[in-house]
Amino acid sequence: AQAGDLILVAAGNYNSGGRPAPGKALTNRVTIAKAVTVASSSGAGQTFIVGSGPVGNAAIRCAYLTNGAALNGFTLERGRTRVGSAAWSQDASGGGAYLDHGGSVSGCVVRANAAYFGGGVFLFGGTAQDLTVVSNTALAQPASGGGAYCYGGVISNSLLCANTASYGGGAFCDEGGIIDGSRIVQNTAAQLAGGVFCASGGMVRGSFLGSNTAGERGGGSYCWRGGTARNALISTNRAADGAGVYCDRGGRLENCKVASNTAAGAGGGLYSWFGGRVVNSILYGNSAADGRNWFSIGGSDVYSYVCTTPSPPRGDHNIFVNPQFANPAQGNYRLASSSPCLDRAIQLAWMPGAYDLDGRPRIWINSADLGCFELNPTNLNADTDGDFMPDWWEWKYFGHVINTAPGFDGDVDEYGALEEYVAGTDPNDGNSLLAMTRETVRGTGAIITWSS
């Protein structure tokens, strides 16, 4: 096969053979070391790549990808790795799949695998999407990332369920790793972060974290030294401390809704230890022996544009009232039309063009709501500012709906915004315009050509 080729795999149970990746000791059932796509012809329900255990020198991982390789539509199960230590190593990571400096996995079921780091899948860069990651285990100490370990990679639109680890039962996001648009539910951590451990720039965003459990701290998420939970619903999680979120020396919450979490000790919604930043978020309706919605130690955390009770010790623009969830008893934490949290958020750099947890515009008419849901108008075809450009079009191209003048020419192609809308062209692309591209004289007439 050559780079760019597609290799189709028939339905079957692939459970024999294998080879190590170049320079490594662990055997992989499938090794894809070039930019080809390996795809099942019948889908994950009928096509299985099966590893082998127990953990040790004879273990076999399901799949290894590098150099832009892609794997689509398989079930990866019962993969194992070699014995690991406290220091991360490739041969002890990613029992189901290991993405080495890139590559992609999509449409796969990753189940019943085990490793020391990333029991199900380990991303050293690369992307994974549309995965079902279930019943995987990170083994022994440090046992990080039961379902997945993202070291700079991105997992999106996936389900991480019933995975176990010491740190990050569902996932561990490190060095810019991201879990995006996913459901992280019913995972367990013996120590920290039942749902997602976010460390050193790691992030969980646009996701639901529910019914996860941590034996010590951070039932839903543990945010450490730059780790961030953004635009997430974090509810019905449990831990000894910080049942919803535990912020440790620089963790951050942005536009999160933290509700109905239960701590046996302190911090039902949030436990902040020596620093942290909470902005545009709602901490309400949680329970704990001490500090039902928040608990603080260290005196350097800051709450801004937050709805919670009681009043936090540091911060500004906070409100201390009932946020008026639509129907929390049935798990509906969207805001009622009378909520005091509407249009109360400060605009953050990531918001223009972003979506809330329901897939609706994050900013509407220059303002955003607190938490992860926006209460936007039902009619996105309206023209709120009467400039003959519909709201959805202004939001799509400019990130707001009332600040663009009809004559605004942001891409300097001599066409204003209204003219671009009428022509169906992109107002942010100077090469997208309705104009003649060629004129050819023929006898007494001419032929003109333009892009339609």
Side-chain angles (χ1 to χ4, degrees), residues 1 3-15 18 28-51 61-79 93-115 118-136 145-163 170-171 173 177-187 196 204-208 359:
D5 281 354
L6 169 65
I7 301 160
L8 289 175
V9 180
N13 198 33
Y14 296 91
N15 58 7
N28 309 288
R29 191 70 76 200
V30 175
T31 299
I32 315 173
K34 52 184 154 183
V36 296
T37 297
V38 177
S40 67
S41 59
S42 301
Q46 299 183 50
T47 320
F48 303 85
I49 300 174
V50 184
R61 176 195 285 136
C62 295
Y64 168 92
L65 293 79
T66 191
N67 296 327
L71 185 71
N72 303 337
F74 292 85
T75 291
L76 311 176
E77 62 182 11
R78 301 202 295 275
S93 304
Y98 187 97
L99 276 62
D100 190 2
H101 290 85
S104 69
V105 175
S106 64
C108 289
V109 175
V110 183
R111 70 184 181 201
N113 302 283
V121 58
F122 191 104
L123 277 67
F124 190 31
T127 61
Q129 54 274 333
D130 302 315
L131 303 185
T132 298
V133 183
V134 59
S135 299
N136 301 281
Y149 197 117
C150 296
Y151 193 89
V154 179
I155 294 178
S156 60
N157 194 34
S158 295
L159 170 67
L160 288 79
C161 178
N163 303 285
C173 296
I178 296 173
I179 303 290
D180 181 43
S182 296
R183 289 179 58 84
I184 303 100
V185 296
Q186 299 176 8
N187 302 283
V196 181
V204 57
R205 69 186 183 197
S207 297
F208 170 61

Worksheet item: So S156 and T127, side chain to side chain contact (heavy atoms under 4.5 Å, CB included) or not? Walk me through it.
Response: CA-CA 8 Å; S156 60; T127 61; over 6 Å; no
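- In this structure a side-chain-to-backbone donor-acceptor pair under 3.5 Å is missing from D5 to A3.
- Within the 3.5 Å criterion, the main-chain N or O of G94 finds a donor-acceptor partner in the side chain of R61.
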Discussion item. Determine whether I7 and I32 satisfy the following criterion, side chain to side chain contact (heavy atoms under 4.5 Å, CB included), listing intermediate values before the conclusion.
Written reply: CA-CA 11 Å; I7 301 160; I32 315 173; over 6 Å; no
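- Residues N72 and S106 bring a donor and an acceptor atom of their side chains to less than 3.5 Å of each other.
- A donor-acceptor distance shorter than 3.5 angstrom exists from the side chain of N187 to the backbone of A162, with no hydrogens or angles considered.
- Atoms OG and CD1, on S207 and I179 in that order, are 7.5 Å from each other to the nearest 0.5 Å.
- Every residue two or more places apart in sequence or in another chain was checked for a ring-ring contact (aromatic ring centres under 6.0 Å, His included) with Y64, and none qualifies.
- A distance of 10.5 Å separates CG of N13 from CD1 of I49, quoted to the nearest 0.5 Å.
- Between F122 and Y98, the two ring planes are parallel [angle under 30°; tilted spans 30° to 60°].
- Rounded to the nearest 0.5 angstrom, S41 OG and L8 CG are separated by 6.5 Å.
- Within the 4.5 Å cutoff, the side chain of V38 has no heavy atoms near those of the V30 side chain.
- Not a single donor-acceptor pair under 3.5 Å links the side chain of T75 to the backbone N or O of G45.
- N136 places no side-chain N or O within 3.5 Å of a backbone atom of N163 that could act as its donor or acceptor partner.
- In this structure, S104 OG and Q129 CD are separated by 6.0 Å, a value rounded to the nearest 0.5 Å.
- Between Y151 atom OH and C173 atom SG the span is 13.0 Å, to the nearest 0.5 Å.
- When all heavy atoms of S42 and A11 are compared, the closest pair comes out as OG-CB, 3.8 Å.
- Listed here is the closest heavy atom pair of S40 and G43: OG-N, 3.1 Å.
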Discussion item. Before you tell me yes or no, could you show the steps for V185 and L159 under side chain to side chain contact (heavy atoms under 4.5 Å, CB included), namely the whole-Å CA-CA distance, both residues' side-chain angles and the distance that decides it to 0.1 Å?
Written reply: CA-CA 8 Å; V185 296; L159 170 67; 3.9 Å; yes
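- Exactly one residue among D130, L99, L123 makes a side-chain contact (heavy atoms from CB on, under 4.5 Å) with V105. That residue is L99.
- A donor-acceptor pair under 3.5 Å is formed between the side chain of R29 and the backbone N or O of V50.
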Worksheet item: After noting the C-alpha distance and the side-chain angles of V121 and I155, does the key distance pass the side chain to side chain contact (heavy atoms under 4.5 Å, CB included) rule?
Response: CA-CA 10 Å; V121 58; I155 294 178; 4.3 Å; yes
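- Going from atom CG of N157 over to atom OG of S182 covers 6.5 Å, rounded to the nearest 0.5 Å.
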